[in-house]
Amino acid sequence: MLIGRKKEQEMLREAYQADESRFAAVYGRRRVGKTCLIRETFKGQFAFSHTGYYNGSIGEELFAFSASLREYGLQDYKEPKCWMEAFELLKDLIRNAPDGKKVIFFDELSWMDTRGSDLIMALEGFWNGWASARKDILLIVCGSVTSWMLSKIVHNKGGLYNRLSFRINLQQFTLRECEEYIRSRNIKMSRHQILECYMILGGVPYYWSFLKKGLSLPQNIDQMFFSHEALLDREFDYLFASLFKRPEPYVRVVSALGHKKAGMTREELLKETGAADSGNFTTRLDELESCGFIRKYSEYGKKQRNSVYQLMDNFTLFYFKFLEKKPTDEHFWSNQINTSAVNAWCGLAFERVCLQHTAQIKQALGIAGVLSSEFSWRCKADNERGIRGSQIDLMIVRRDQVIDLCEMKYSANKFRVTAKVDDDLRRKVSDLITATGTRYAVHPVLVTPYGAAQNSYTGNLQAVITAEELFG
């Protein structure tokens, strides 16, 4: 059963029912479910489907492609020696196919593009010179090597320029979708446990597939990451190696951000990573953002060129905190409950989950239909202006002249708004108004799993949003 993905399935089905040929690209983070989406949407409807071989030679790739042609019914043909010949054989297969829309699916297309091959030229000729002129082709290409998919297909400047009918950048599951997934597997977890699990695994379906019935959440995390033969022991290395053909520069970027809570500007990242100031560095940042590893945000009241980058991927954050120097204790996570290290990480991880669910926060605030933009904001102390210095991770600037200043606080119980917390919120509101000169009303909003314990300070909050509402 396919969980979620209703919008993406609708796009694919509309393309299947269209009166002309369509060309679609599906890309995204490793393990996010791209192949599952295509296969579950078009069960038994493929006129041809083929998956590239990881690190295969051109001879091995062509041999595998030829085997797929035979599997789908092509007979009595000469083995192709290049991709131009291979695509001519694919045309022959399609010509002999029954009437009706023909779905052609290339999975891990980037793996087929070996050094010096003519794959892209052959694909261009197949689509531009043949398939697009027909009315009955739905060509879907998919790949995990996001840098390749973006440069060769999505942003192609040659023969495939502007040829895509549509593209799907497949995102991770939301909290609600993760809940649906574990229920479909009859795993019993409370919503708070799902939230804690999401703080570690994010919304990557593949990671959630390792959860076992009958184990507690800490036991599951131990067997996935900390046991002697942990199921996801080398996942970080595999993750970036599969997404990027030269992963080292990307790892340096996420590593720099992984040790910087508030994020970094492009200039700060250049200095920290030692990278050259070039278009290639900007491309790397764009690709990491497309995969959901980082987010780029403009600080409220500042120009785009002053944008700040922040690491967003939950698993990668967890890796830098606890797995980069893997502990020897096979029950590490079970033994770390309520330690200072875990509690500090929980605060940061919860903030990331909230930032990944801003749509649900807006729904809870009753402003889903109000035009708005999300920003982060920070300012340094300025004694002359009475500014004490503030960091705001999420502020929602609304068209109805309200700014929701969201304070995200993790707690395993109802959160207690202390005098210090109240003073911090007042300082942030004051700094924002003084530094930006905004005339909008500023509403302090608390986002915390179990809500706030009522006391004399909670009345200063305009709204309190709980974890339950993040599942909306």
query: Taking everything shown except M121 itself, do over 12 heavy atoms lie less than 6.0 Å from its CE?
result: no
message: Could you measure the distance from the NZ atom of K321 to the CD1 atom of I200? Nearest 0.5 Å is fine.
response: 13.5 Å
Verdict with reasoning, Q360 to T174, per side-chain contact (heavy atoms from CB on, under 4.5 Å): CA-CA 10 Å; Q360 288 78 8; T174 62; 4.2 Å; yes
side-chain contact (heavy atoms from CB on, under 4.5 Å) evaluation trace for Y410 with V353: CA-CA 11 Å; Y410 180 80; V353 175; over 6 Å; no
- line: Of all heavy-atom pairs linking A256 and E272, the shortest is CB-CG, 3.6 Å
- prompt: Which residue, Y27, F105, F106, forms the side chain to side chain contact (heavy atoms under 4.5 Å, CB included) with C142?
  reply: F105
field: D424: which of K420, K428, R426 passes salt bridge (charged side-chain N to carboxylate O under 4.0 Å, His left out)
entry: K420
task: Over all heavy atoms of both residues, which pair between S411 and H192 is shortest? Give the atoms and the distance, please.
output: O-CE1, 4.0 Å
Non-hydrogen side-chain atoms of S290 and N169 separated by less than 4.5 Å: yes
query: Between Y181 and F173, what is the ring plane arrangement, given parallel below 30°, perpendicular above 60°, and tilted in between?
result: tilted
query: Got a salt bridge between K296 and D286, using NZ or NE/NH1/NH2 to carboxylate O under 4.0 Å?
result: no
- prompt: Should the ring pair F318 and F226 be called parallel, tilted or perpendicular, given that the plane angle runs from 0 to 90° and is split at 30 and 60?
  reply: perpendicular
- prompt: With sequence neighbours excluded, what pairs up with K260 under the side-chain contact (heavy atoms from CB on, under 4.5 Å) test?
  reply: M264
message: Show the nearest heavy-atom pair for residues V402 and H443, with the distance to one decimal.
response: CG1-ND1, 3.5 Å
- request: Drop me the distance from Y300's OH to L432's CG, to the nearest 0.5 angstrom.
  value: 7.0 Å
query: Going by heavy atoms in the side chains, are Q310 and Y297 under 4.5 Å from each other?
result: yes
message: Does any part of the side chain of F244, heavy atoms only, come nearer than 4.5 Å to the side chain of V251, both counted from C-beta?
response: no
query: Counting N and O atoms only, with roles assigned by atom type, does the side chain of R427 sit under 3.5 Å from a partner on the main chain of G389, one being a donor and the other an acceptor?
result: yes
task: Verify salt bridge (charged side-chain N to carboxylate O under 4.0 Å, His left out) between K34 and D107, making sure each step is shown before the conclusion.
output: CA-CA 9 Å; K34 301 180 293 296; D107 197 9; over 6 Å; no
- prompt: With a 3.5 Å cut-off and no angle check, do the side chains of Q9 and T41 form a donor-acceptor pair?
  reply: yes
- prompt: Do the numbers put R191 on top of the ring of F471, so that NZ or CZ is under 6.0 Å from the six-membered ring centre and no more than 45° off the axis?
  reply: yes
query: Which pair of heavy atoms, one from G52 and one from W111, lies closest together, and at what distance?
result: O-CE3, 3.3 Å
query: Do N455 and R416 have a side chain donor and acceptor closer than 3.5 Å?
result: no
query: Is a side-chain donor-acceptor pair under 3.5 Å present for Q223 with S227?
result: no
message: Is it the case that the side chain of D329 and the backbone of N335 share a donor-acceptor pair, with hydrogens and angles ignored and the cut-off at 3.5 Å?
response: no
statement: Closest non-hydrogen contact found for V103 with F42 is CG2-CD2, 4.0 Å
- prompt: Is there a side-chain contact (heavy atoms from CB on, under 4.5 Å) between V421 and F415 once you walk through the steps?
  reply: CA-CA 11 Å; V421 171; F415 183 77; 4.0 Å; yes
message: Surrounding CZ of R388 (heavy atoms of other residues, nucleotides or ligands, distance under 6.0 Å), is the total greater than 12?
response: yes
task: Report yes or no: does S132 contribute a side-chain atom to a donor-acceptor pair with the main-chain N or O of W127 at less than 3.5 Å?
output: yes
- prompt: Within the distance-only criterion (no hydrogens, no angle test), does the side chain of K326 pair as donor or acceptor with the backbone N or O of F225 below 3.5 angstrom?
  reply: yes
- prompt: Is there a side-chain contact (heavy atoms from CB on, under 4.5 Å) between I392 and D431 once you walk through the steps?
  reply: CA-CA 10 Å; I392 301 171; D431 282 353; over 6 Å; no
query: Going from CD1 on I337 to CG on L217, what distance comes out if it is rounded to the nearest 0.5 angstrom?
result: 8.5 Å
query: Heavy-atom distance under 4.5 Å between the side chains of S376 and V308, does that happen here?
result: no
- prompt: Do the two ring centres, one from Y207 and one from F315, sit under 6.0 Å apart?
  reply: yes
- request: Check whether any side-chain N or O of D222 sits under 3.5 Å from a backbone N or O of S334 as a donor-acceptor pair, and report yes or no.
  value: yes
message: Has S255 got a side-chain atom pairing as donor or acceptor with R252's backbone, closer than 3.5 angstrom?
response: no
- request: Output, in order, the C-alpha distance, side-chain angles, deciding distance and verdict of salt bridge (charged side-chain N to carboxylate O under 4.0 Å, His left out) for E14 and R22.
  value: CA-CA 10 Å; E14 285 181 358; R22 295 286 178 88; over 6 Å; no
- prompt: Hey, which of L425, L405, I465 is the one that makes side chain to side chain contact (heavy atoms under 4.5 Å, CB included) with V445?
  reply: I465
query: What do the steps show when you test E177 against K6 for salt bridge (charged side-chain N to carboxylate O under 4.0 Å, His left out), and what is the final call?
result: CA-CA 11 Å; E177 289 166 336; K6 292 180 175 58; over 6 Å; no
- prompt: If only atom types and distance count, is the side chain of T448 paired as donor or acceptor with the main-chain N or O of Y450 below 3.5 Å?
  reply: no
- request: For G143 and E108, work out which heavy atoms get closest and say how close.
  value: CA-OE1, 3.7 Å
Main-chain N/O of A131 paired with S21 side-chain donor or acceptor, under 3.5 Å: yes
- request: Determine, for R183 against E179, whether the closest basic-nitrogen to carboxylate-oxygen distance falls under 4.0 angstrom.
  value: yes
message: side chain to side chain donor-acceptor pair (under 3.5 Å) for T273 and R284? Distances and angles first, verdict last.
response: CA-CA 12 Å; T273 61; R284 288 185 204 119; over 6 Å; no
query: Side chains of L201 and F210: does their closest heavy-atom pair fall under 4.5 Å?
result: no
field: T358 and I396, any side-chain heavy atoms less than 4.5 Å apart
entry: no
field: Side-chain heavy atoms of I137 within contact of F23, under 4.5 Å
entry: no
message: Does anything in residues 145-155 form a side chain to side chain donor-acceptor pair (under 3.5 Å)? List the pairs, not counting sequence neighbours.
response: D113-W148
- request: If the plane angle is over 60° it's perpendicular, under 30° parallel, otherwise tilted; pick one for F240 and F236.
  value: tilted
task: Return yes if a side-chain donor-acceptor contact under 3.5 Å exists between Q356 and N314, otherwise no.
output: yes
field: Polar side-chain atom of R185 near backbone of S209 as donor-acceptor pair, under 3.5 Å
entry: yes
message: Less than 4.5 Å apart, side chain to side chain, heavy atoms only: is that true for I120 and I153?
response: yes
query: Side chain of R398, backbone of D404: donor and acceptor closer than 3.5 Å?
result: no
- line: Rounded to the nearest 0.5 angstrom, the CZ-CD distance for R31 and E235 is 5.0 Å
message: So that I can tick it off, tell me whether E124 and R163 are bridged by a salt bridge, with the cut-off set at under 4.0 angstrom between side-chain N and carboxylate O.
response: no
